[in-house]
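Keep in mind that this is a model prediction, so the values were computed, not measured. Each chain gets a letter, A, B and so on, in the order its sequence line appears, and its residues count up from 1.
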Number of protein chains: 2
Amino acid sequence: MANIKDVAERAGVSVATVSRVLNGNSPVAETRERVLAAVRELGYRPNSVARALRTARTGALGLVISDLTNPFFTELADAVEDAARGLGYSLVIGNAGERPAQQDDYIRTLLDRRIDGLLVSSAGTGSAMLREVVASGTPLVLLDRAVPGIDAPCVRADGRTALTDLAAHLAALGRRRPAIIVAPAGTPTGDERLELFRDALAGHGIALPDERVGATPDLQPSGGRRMMSDFLDLPEPPDAVLATDNLMALGAMDELRARGLRVPDDMALVVYDDVPWFAHTDPPLTAIAQPTRDLGRAAVRTLLERIEGRPAASVLLPARLVPRRSCGEAPAR
Amino acid sequence: MANIKDVAERAGVSVATVSRVLNGNSPVAETRERVLAAVRELGYRPNSVARALRTARTGALGLVISDLTNPFFTELADAVEDAARGLGYSLVIGNAGERPAQQDDYIRTLLDRRIDGLLVSSAGTGSAMLREVVASGTPLVLLDRAVPGIDAPCVRADGRTALTDLAAHLAALGRRRPAIIVAPAGTPTGDERLELFRDALAGHGIALPDERVGATPDLQPSGGRRMMSDFLDLPEPPDAVLATDNLMALGAMDELRARGLRVPDDMALVVYDDVPWFAHTDPPLTAIAQPTRDLGRAAVRTLLERIEGRPAASVLLPARLVPRRSCGEAPAR
DNA sequence: GAGGGCTACGAAATCGATTACACGGGTGAT
DNA sequence: ATCACCCGTGTAATCGATTTCGTAGCCCTC
């Protein structure tokens with residue numbers, strides 16, 4: 001592949017001139033044409049590795065995502081990728097698969113690669129490597145999941161309004177014994193959703209006792225299914241279940257179907273994360289929609305602020321309730 | 001961040017020695033300990049940009065995927081990412097979103113970044129930039145979709161056996177009027193699936209007339225829905241439909257539901273790509289499962305062969321029929 | 001017409017690693 | 001005892017760009 005020296009020789013100028021023409025920094029001479037012609041003829045494309053070394057900017061962002069195969073994170077990654085490209089950045093992606101060790105591995109190699117900035121939707125609360133990121137001065141933005149003790153802006157959705165609306169929705173439909181399936185205790189996201197939901201229900205005089213709070217070890221269908229099964233085995237089973245992750249909701253539906261129970265007649269079901277699929281289930285599931293693409297965009301924008309040296313604050317975008325038919329009664333629309 | 005010179009000074013040796021200790025190339029001296037101590041104390045990590053410039057190897061692979069939000073490709077990307085990491089490579093990802101122009105854009109920047117090898121599941125048949133990749137000498141492996149005129153190994157699934165089995169399955173269940181929903185004509189994947197299906201059906205004396213072949217402009221639910229609608233409006237509607245992409249199947253299901261038709265009683269439905277979700281639909285959909293993760297692994301392995309200068313052949317892995325309940329009768333299991 | 005200020009450009013330093021080459025000193029063979 | 005060789009190490013070239021600094025030539029002004 002042709003390099004800048006080849007171009008310089010062909011155009012009969014120095015490499016400095018070639019570089020200047022290409023970066024539009026200073027000159028505007030008639031050499032310009034000769035240089036551009038040489039570039040064209042040789043099919044020259046600057047080596048961005050060399051450029052990165054010299055300028056200390058790689059033009060790449062790192063994204064470490066907790067689980068790429070979870071549709072919510074897929075869409076998030078897609079939005080991030082889109083935004084990054086729009087701003088001229090490439091994206092180096094790492095899938096932690098919810099394993100903190102792997103996440104740390106990735107962060108390390110991304111730092112070695114001198115990415116210009118890092119986005120992390122952290123698996124677990126493992127913050128050892130994240131602390132190093134902060135120490136290294138690499139711009140960092142947390143995505144979807146805040147990490148205690150890490151001083152970096154966090155971009156995520158706020159479920160308060162949506163959960164308040166959901167409580168009202170359930171109360172209006174006469175559901176008195178709600179339940180919730182959450183991530184393991186200690187997960188900031190899970191804890192928060194539980195707390196907000198409980199508060200919102202309290203506003204309608206509805207309790208959410210611990211027996212109707214099911215924590216799964218992982219965010220997988222199997223966990224959701226087991227929790228639903230436990231709920232159904234209670235002396236007084238719930239009449240509505242909120243699954244705080246889309247995969248867990250899938251499992252919960254399986255269990256209902258396996259027992260021959262129908263949604264919404266026998267059980268109301270609500271899912272956190274409005275992935276397109278849920279509009280195609282039978283019945284379409286009432287969902288809490290996080291503004292996924294907006295989150296991705298906002299995260300990249302925030303990261304760029306940091307990269308360019310400006311201060312950047314955390315971003316909290318409202319999630320909203322999307323009523324469909326899984327709690328009874330058609331949505332107003 | 002500390003660099004190799006800092007380490008050298010602290011250890012009282014030359015940078016060459018530091019490099020050699022770290023890369024295990026030649027020495028085994030007692031300086032070794034001093035160097036390692038200095039590395040530890042300074043928290044030194046080699047700058048891979050500099051290393052890449054010098055060695056002409058970036059340790060990164062590029063993946064241009066046709067549509068990241070399509071679950072089939074999500075899983076494929078995930079498998080590729082996994083395999084790449086396992087072999088010590090990072091993955092720079094680009095989502096073409098089925099837009100050839102964007103695909104070319106990505107390929108260009110990936111080449112500029114001097115990735116060690118490139119995986120492309122090509123959107124459309126746009127091969128201009130792919131031709132350049134081949135010309136540049138960058139190892140290239142095509143994924144899932146072959147591109148005519150591009151001399152590079154292609155890793156994909158072979159649907160022949162699965163479609164033969166499907167034809168038998170449908171024939172055994174008494175379905176005589178099958179239909180197929182495919183990608184636009186001219187798409188190698190779509191054309192091939194149509195042809196194989198038609199051949200397989202012919203083996204059972206079943207015809208697949210053009211009126212029961214629906215081509216959608218895009219691989220989206222909306223297209224699948226429209227095609228299903230067209231089929232249902234035929235004077236003699238089909239009694240079984242094969243959707244050759246999972247998203248199109250979703251749309252097809254929507255249309256059936258909207259018309260109050262039931263699967264499998266009123267219509268048998270089969271989906272290409274066995275994404276986990278289809279096991280959770282009601283009824284669970286009979287599917288043609290591509291060995292997605294194996295494809296990803298094989299693709300990376302093939303790419304590495306090329307990177308290491310060995311010749312590499314195309315790989316064709318068999319897809320298989322996963323009978324569930326959407327064509328009638330419970331699967332044997 | 002001399003000095004000052006631009007402009008356009010080249011020479012060379014630089015980024016941070018790897019590596020070819022040179023060299024000093026120890027070891028083993030003869 | 002001498003020579004060849006090897007081992008461990010340092011010096012310096014190198015990868016391909018960007019950027020600082022210097023300079024030649026030009027125009028302008030007084």
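With dG16(D), dA12(C), dT18(C) as the choices, the nucleotide that has an atom nearest any side-chain atom of Leu53(A) turns out to be dG16(D).
The pair Asp78(A)-Arg293(A) meets the salt-bridge criterion, with a side-chain N (NZ, NE, NH1 or NH2) lying under 4.0 Å from an Asp/Glu carboxylate O. Taking a cutoff of 4.0 Å between a charged side-chain nitrogen and a carboxylate oxygen, Arg156(B) and Asp144(B) do not qualify as a salt bridge. Look at Arg34(A) and Glu9(A) and you find no salt bridge, because none of the NZ, NE, NH1 or NH2 atoms lies under 4.0 Å from a carboxylate O.
In terms of position on DNA chain D, the residue among Gly12(B) and Ala50(B) whose nearest nucleotide sits closer to the 5' end is Gly12(B).
The distance between atom CG of Leu22(A) and atom C1' of dG16(D), rounded to the nearest whole Å, is 13 Å. Between Arg57(B) atom CZ and dA17(C) atom C1' there is a gap of 14 Å when expressed in whole angstrom units. We find that CE of Met1(B) is positioned 11 Å from P of dG16(C), with the value rounded to whole Å.
Note on the helix from dG1(C)-dC30(D) to dT30(C)-dA1(D): angle between the axes of the first and last five pairs equals 50°, rounded to 10 degrees.
Here the closest heavy-atom approach between residue Ile93(A) and residue Tyr106(A) is recorded as O-CE2, 4.2 Å. Listed here is the closest heavy atom pair of Asp6(B) and Met1(B): OD2-O, 4.4 Å. Scanning both residues, Ala312(B) and Pro153(B), for their nearest heavy atoms gives O-CG, 3.7 Å.
The base of dT14(C) sits with one of its N or O atoms less than 3.5 Å from a complementary donor or acceptor on the side chain of Arg54(A). Contact of Arg20(B) with dG10(D) (side chain to base): a donor-acceptor pair of N or O atoms is detected under 3.5 Å.
Arg10(A) places a side-chain heavy atom less than 4.5 Å from the side chain of Leu42(A).
Within 4.0 Å (heavy atoms only), Val13(A) reaches sugar-phosphate atoms of the nucleic acid but no base atom.
The side chain of Ser14(B) contributes no N or O atom lying less than 4.0 Å from OP1 or OP2 of dT9(D). One finds a side-chain N or O of Asn3(B) lying less than 4.0 angstrom from the OP1 or OP2 phosphate oxygen of dG16(C). Phosphate contact (OP1/OP2 of dT9(D), side-chain N/O of Thr31(B), threshold under 4.0 Å): present. The side chain of Thr17(B) contributes an N or O atom lying less than 4.0 Å from OP1 or OP2 of dG10(D).
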